[in-house]
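All figures in this text were calculated on a predicted structure; none of them were measured in a lab.
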Amino acid sequence: MRFDVLTLFPEMITDYCSQSIIKRAAEAGVISVNTINPRDFTLNKHKKVDDTPYGGGAGMVLMPQPYVDAYESIDRCENSLTVMLSPQGEPLKENLVKELAKFDQIILLCGHYEGFDERIRDIIKPREISLGDFVLTGGELPALCVIDAVSRKLEGTLGKIESANDDSFSDGMLEYPQYTKPREYRGLKVPEVLLNGNHKEIEEFRQSQRLKRTKERRPDLMH
C-alpha cells in the first residue's frame with residue numbers, strides 16, 4: 001500500500017510514521033508513505049498557497065493552482081483512490097477502513113485555514129472522509145488516522161493479523177476486556193476463566209463480554 005500525502009506540514013506525517021508499528025510496516029515494505037508539499041508548486045514568489053475569499057469573510061482559502069499542480073505531479077497506479085480529509089465527508093468507520101485497504105494507493109489531501117477553493121474539488125474529484133462532526137485546524141491528523149487504521153488491515157503490519165480481527169468494530173461490537181500479569185492488582189483479580197486453559201470457555205466468556213460492553217457503551221451498534 002502506498003500513501004501519498006499532500007500537506008503543508010510534511011514533518012507532521014513523517015514524524016508519526018517513523019515510530020512504532022507504522023515504522024515497522026514501512027521497513028518491511030508493507031506500506032510506503034510519501035509527502036508532497038503544495039508550497040513547492042506555487043507560482044507565487046513568496047510561496048503563498050492561500051488568499052482571501054471572494055465575497056468576503058474571515059480566514060484564508062487554499063488556492064487551486066498549487067494543490068492541483070502538486071496532485072498532478074503524483075504517479076498514480078491503476079488501483080488508486082484520492083481522499084480529501086474534510087468535516088463534510090463520510091465518517092471514517094470500520095467498513096470504510098476495510099474498503100480503503102483494498103486499494104494499492106491512497107492519495108490524501110490535507111487542508112488548512114478556511115479550507116479548499118471549490119475548484120480543487122471540481123478538478124480532482126476526491127472522495128471526502130471525515131473523522132466526525134467537528135473541525136480540526138488541519139487535515140494531517142485525519143490523514144494519519146486513515147494511514148494507521150488502513151495499515152492495520154494489511155498482512156504484515158501486525159505480528160498477527162488476528163489482532164486486527166479482534167479489534168473493536170471488527171464485527172460490529174466492541175472488544176472484550178484484556179488482562180495481563182499480575183493475576184491480582186490492588187484487590188482486582190483476573191477472571192478465573194482466563195486462567196483455566198479451556199479455550200472454548202475462554203471464547204464464550206470473551207464473546208459474552210463483548211456483547212455486554214457493546215450494550216452498555218454503544219447500544220447504537222446493536223441495531
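The backbone N or O of Lys212 sits nowhere less than 3.5 Å from a side-chain atom of Lys215 that would complete a donor-acceptor pair. A distance-only check finds no donor-acceptor pair linking the side chain of Ser130 to the backbone of Pro91 [under 3.5 Å].
Using a 4.5 Å cut-off between side-chain heavy atoms of Ile, Leu, Val, Met, Phe, Trp and Tyr, with links allowed through other members, Leu96 and Phe134 fall into the same hydrophobic cluster. Leu194 and Tyr176 sit in two unconnected hydrophobic clusters of ILVMFWY residues. Membership requires side-chain heavy atoms under 4.5 Å apart, directly or through other members. Leu100 and Met84 sit in two unconnected hydrophobic clusters of ILVMFWY residues. Membership requires side-chain heavy atoms under 4.5 Å apart, directly or through other members. In the hydrophobic clustering of this structure, Leu6 does not group with Val33; members are Ile, Leu, Val, Met, Phe, Trp, Tyr whose side-chain heavy atoms approach within less than 4.5 Å, directly or through other members. The hydrophobic cluster containing Tyr185 does not contain Val190, counting ILVMFWY residues as joined when their side-chain heavy atoms lie under 4.5 angstrom apart, directly or transitively.
For Thr157 against Ser151, the heavy-atom pair with the smallest separation is OG1-O, 2.7 Å. Taking each heavy atom of Ala143 and Cys110 in turn, the nearest pair found is CB-SG, 3.7 Å. Residues Ala101 and Leu154 come closest through the heavy atom pair O-CD2, 3.8 Å. Annotation for Pro38 and Ala70: closest pair CA-CB, 4.1 Å, computed over non-hydrogen atoms. Pairing each heavy atom of Pro64 with each of Ile120, the nearest pair is CA-CG1, 3.6 Å.
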Taking distance alone, no hydrogens or angles, what donor-acceptor pairs closer than 3.5 Å link side-chain atoms of residues 7-22 to residues at least two apart or in another chain?
| residue | atom | partner | partner atom | Å |
| --- | --- | --- | --- | --- |
| Thr7 | OG1 | Phe9 | N | 2.9 |
| Thr7 | OG1 | Phe9 | O | 3.4 |
| Thr7 | OG1 | Glu140 | OE2 | 2.6 |
| Thr14 | OG1 | Pro10 | O | 3.2 |
| Thr14 | OG1 | Glu11 | O | 3.4 |
| Tyr16 | OH | Asp148 | OD2 | 2.5 |
| Ser18 | OG | Thr14 | O | 3.2 |
| Ser18 | OG | Asp15 | O | 2.8 |

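Inter-residue side-chain proximity for Lys153 and Val97 is flagged as met; some heavy-atom pair is nearer than 4.5 Å. By the 4.5 Å heavy-atom criterion applied to side chains, Glu72 and Phe41 are not counted as neighbours. Looking at Gln209 and Glu175, their side chains never come closer than 4.5 Å, going by heavy atoms from C-beta outward. Side-chain contact check for Leu62 versus Tyr67: some heavy-atom pair is nearer than 4.5 Å. Residues Leu144 and Val5 form no side-chain contact, since every pair of their non-hydrogen atoms from C-beta on lies 4.5 Å or further apart.
Taking a 6.0 Å sphere around CG of Asp133, one finds it holds 12 or fewer heavy atoms contributed by other residues, nucleotides or ligands. Other residues, nucleotides and ligands place more than 12 heavy atoms under 6.0 Å from the CZ atom of Arg127.
Screening Leu109, Leu81, Val83, Ile107 against Pro126 for a side-chain contact (heavy atoms from CB on, under 4.5 Å) leaves a single residue, Leu109.
With respect to the salt-bridge test (charged N to carboxylate O, under 4.0 angstrom), the residues Lys93 and Glu99 do not qualify. Using a cutoff of 4.0 Å between basic side-chain nitrogens and carboxylate oxygens, Arg206 and Glu201 are not scored as salt-bridged.
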Could you go step by step and tell me if Asp117 and Met63 meet the side-chain contact (heavy atoms from CB on, under 4.5 Å) rule? CA-CA 6 Å; Asp117 183 298; Met63 298 187 292; 5.9 Å; no

Decide yes or no on side-chain contact (heavy atoms from CB on, under 4.5 Å) for Gln105 and Met1, but give the supporting numbers first. CA-CA 6 Å; Gln105 178 189 31; Met1 168 72 76; 5.7 Å; no

How far apart are the C-alpha atoms of Phe103 and Ser80, what are their side-chain angles, what is the distance that settles it, and do they pass the side-chain contact (heavy atoms from CB on, under 4.5 Å) test? CA-CA 6 Å; Phe103 288 91; Ser80 175; 5.8 Å; no

Under the side-chain contact (heavy atoms from CB on, under 4.5 Å) rule, what do Thr82 and Ile106 come out as? Steps first, then yes or no, please. CA-CA 6 Å; Thr82 299; Ile106 298 178; over 6 Å; no

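For the side-chain hydrogen bond (donor to acceptor under 3.5 Å, both in side chains) test, residues two or more places apart in sequence or in another chain that qualify with Arg2 are Asp4. When the side-chain contact (heavy atoms from CB on, under 4.5 Å) test is applied to Gln88, the partners found at least two apart in sequence or on another chain are Ser86, Arg121, Glu128. Shown here are the side-chain contact (heavy atoms from CB on, under 4.5 Å) partners of Arg217, two or more places apart in sequence or in another chain: Leu174, Arg213. Pro142 pairs by the side-chain contact (heavy atoms from CB on, under 4.5 Å) definition with Leu85, Leu131, Leu136, not counting sequence neighbours. For Asp69, the side-chain hydrogen bond (donor to acceptor under 3.5 Å, both in side chains) partners are Gln65, not counting sequence neighbours.
The distance from the CZ atom of Phe205 to the CD atom of Glu192 is 11.0 Å, given to the nearest 0.5 Å. Rounding to the nearest 0.5 Å gives a distance of 13.0 Å between NZ of Lys23 and CD1 of Ile31. Here the CG-CD distance, from Leu211 to Glu216, works out to 10.0 Å after rounding to the nearest 0.5 Å. To the nearest 0.5 Å, the span separating NZ on Lys47 from CG on Asn37 amounts to 9.0 Å. Arg210 CZ to Ser208 OG: the interatomic distance, rounded to the nearest 0.5 Å, is 11.0 Å. Within the model, atoms SG of Cys145 and CD1 of Ile129 stand 11.5 Å from one another, a figure rounded to the nearest 0.5 Å.
The closest side-chain donor-acceptor pair between Thr137 and Tyr113, if any, does not fall under 3.5 angstrom.
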